[in-house]
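See below for the structure under consideration.
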Amino acid sequence: GKTTTAVHLACGLALGGKRVLLVDADPQGNATTSLAAPKSQGTAEMISAPERAVEFVRPAGPGVDLAAGSYRLREADAQVSAGQIPLTVLARALRRLSGNYDFMILDCPPALNGLTVSALTAATGILIPVQAEFLSLEGLVQMKEALSRLGTENPAGAPAIFGILLTQTPPGAGGIVEEVRREIERFFPGILFASAIGRDPVLAECPSHGKSAFAHAPRAIGTYHYMKFVQEAHRRSMSLEPLA
């Protein structure tokens, strides 16, 4: 639910009148596909030329601009991982754009590679979507350890976890969901969102239509869940420090 959550958070905030930039930092470019945007110049070029960041942003929907993801990010990842490009380069690019937006949402690759660490270095808060199953808790612990290492290695420290969101919760499985909730609260007290995203086939359909669920199926249960989450995330965002 990582990309689905990033896209719906961006589109939901925009529906509320906010100016949003969605940064697709994944070479697969799934967030870009989800908004039916071309995989042309975008995040990879922004990393190569941060001083020209504004040139690599395109409108992708009402209130949402996009820095597109593409296969060219694989080369950018290799350069960042090898130290040929500083980890702070994405942060430098986004600082040039910060005055244009209320929120900037970064969709990361599904691995703790150079691109992900660059995104973590740029971020003011981290949102972690987690499936409502016990195996996902191990990944959460690994993420916490990785953030601890980043905080030690990075002069700016590591960003705080903005929140944990339960996704793909099965219908009628209150027992397992509640157990996972209790375990998350035990290890990560006070940061689990009250909102949760249930399984809904509509959410899987949306990318093929190039639309968010808000536009594709506004009455679907998954749409309702994401709207409740966006409202809760917006309230919580008031405590975030802006990107300086």
Side-chain angles (χ1 to χ4, degrees), residues 2-3 5-26 29 31-32 34-70 72-73 76 79-80 85-109 114-128 150-151 154-163 212 214-215 229-244:
K2 174 181 63 64
T3 294
T5 296
V7 168
H8 284 84
L9 180 57
C11 292
L13 288 167
L15 283 174
K18 302 301 180 184
R19 301 166 301 162
V20 183
L21 174 65
L22 178 60
V23 180
D24 189 347
D26 189 341
T32 302
S34 296
L35 294 177
K39 295 181 180 179
S40 55
Q41 290 186 326
T43 307
E45 289 72 23
M46 190 180 289
I47 290 172
S48 298
E51 69 283 353
R52 295 168 52 206
V54 70
E55 298 177 29
F56 309 125
V57 171
R58 299 287 182 273
V64 178
D65 285 351
L66 173 72
S70 71
R72 290 183 297 278
L73 280 166
Q79 292 175 318
V80 171
I85 293 179
L87 284 172
T88 55
V89 69
L90 186 56
R92 282 167 42 206
L94 295 181
R95 275 196 293 269
R96 288 180 171 268
L97 300 170
S98 60
N100 299 334
Y101 300 100
D102 299 305
F103 293 94
M104 292 186 284
I105 312 296
L106 288 78
D107 186 34
C108 297
L115 289 172
T116 301
V117 176
S118 291
L120 294 176
T121 302
T124 54
I126 303 171
L127 169 62
I128 307 176
L150 178 62
N154 184 4
I161 298 177
F162 170 63
S212 72
F214 304 125
F229 160 66
V230 170
Q231 291 169 346
E232 185 180 359
H234 181 237
R235 289 194 297 270
R236 188 178 293 193
S237 73
M238 301 303 180
S239 63
L240 282 177
E241 292 292 329
L243 188 63

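For the single chain, residues carry numbers from 1 onward in sequence order.
Using a distance-only test at 3.5 Å, with no hydrogens or angles considered, no donor-acceptor pair links the side chain of Arg19 to the main chain of Val64. Without hydrogens or angle criteria, Arg72 side chain to Gly69 main chain gives no donor-acceptor distance under 3.5 Å.
Distance check, rounded to the nearest 0.5 Å: CZ of Phe103 to OG of Ser98 gives 13.5 Å. Distance check: Asp26 CG to Cys108 SG gives 8.5 Å after rounding to the nearest 0.5 Å. To the nearest 0.5 Å, atom CG of residue Leu87 and atom OG1 of residue Thr116 are 11.0 Å apart. For the atom pair Phe229 CZ and Thr5 OG1, the distance stands at 6.0 Å (nearest 0.5 Å).
Using a 4.5 Å heavy-atom cutoff, the side chains of Leu90 and Val80 are not in contact. Contact annotation: the side chain of Arg52 never approaches that of Met46 to less than 4.5 Å [non-hydrogen atoms, C-beta and beyond]. Proximity of Arg96 to Glu51: side-chain heavy atoms (C-beta onward) are separated by under 4.5 Å at one or more points.
Side-chain polar atoms of Thr43 and Asp24 form no donor-acceptor pair below 3.5 angstrom.
Salt bridge Lys2/Asp107: present, at least one basic N to carboxylate O contact under 4.0 Å.
With Met104 as the partner, the side chain to side chain contact (heavy atoms under 4.5 Å, CB included) test is satisfied by one option alone out of Leu22, Leu21, Val20, Asp65: Leu21.
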**OP:** Carefully, step by step, assess Glu232 and Arg235 under the rule salt bridge (charged side-chain N to carboxylate O under 4.0 Å, His left out).
**Re:** CA-CA 5 Å; Glu232 185 180 359; Arg235 289 194 297 270; 5.2 Å; no
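Closest approach of Leu73 and Ala25 over heavy atoms only: CD1-C, 3.6 Å.
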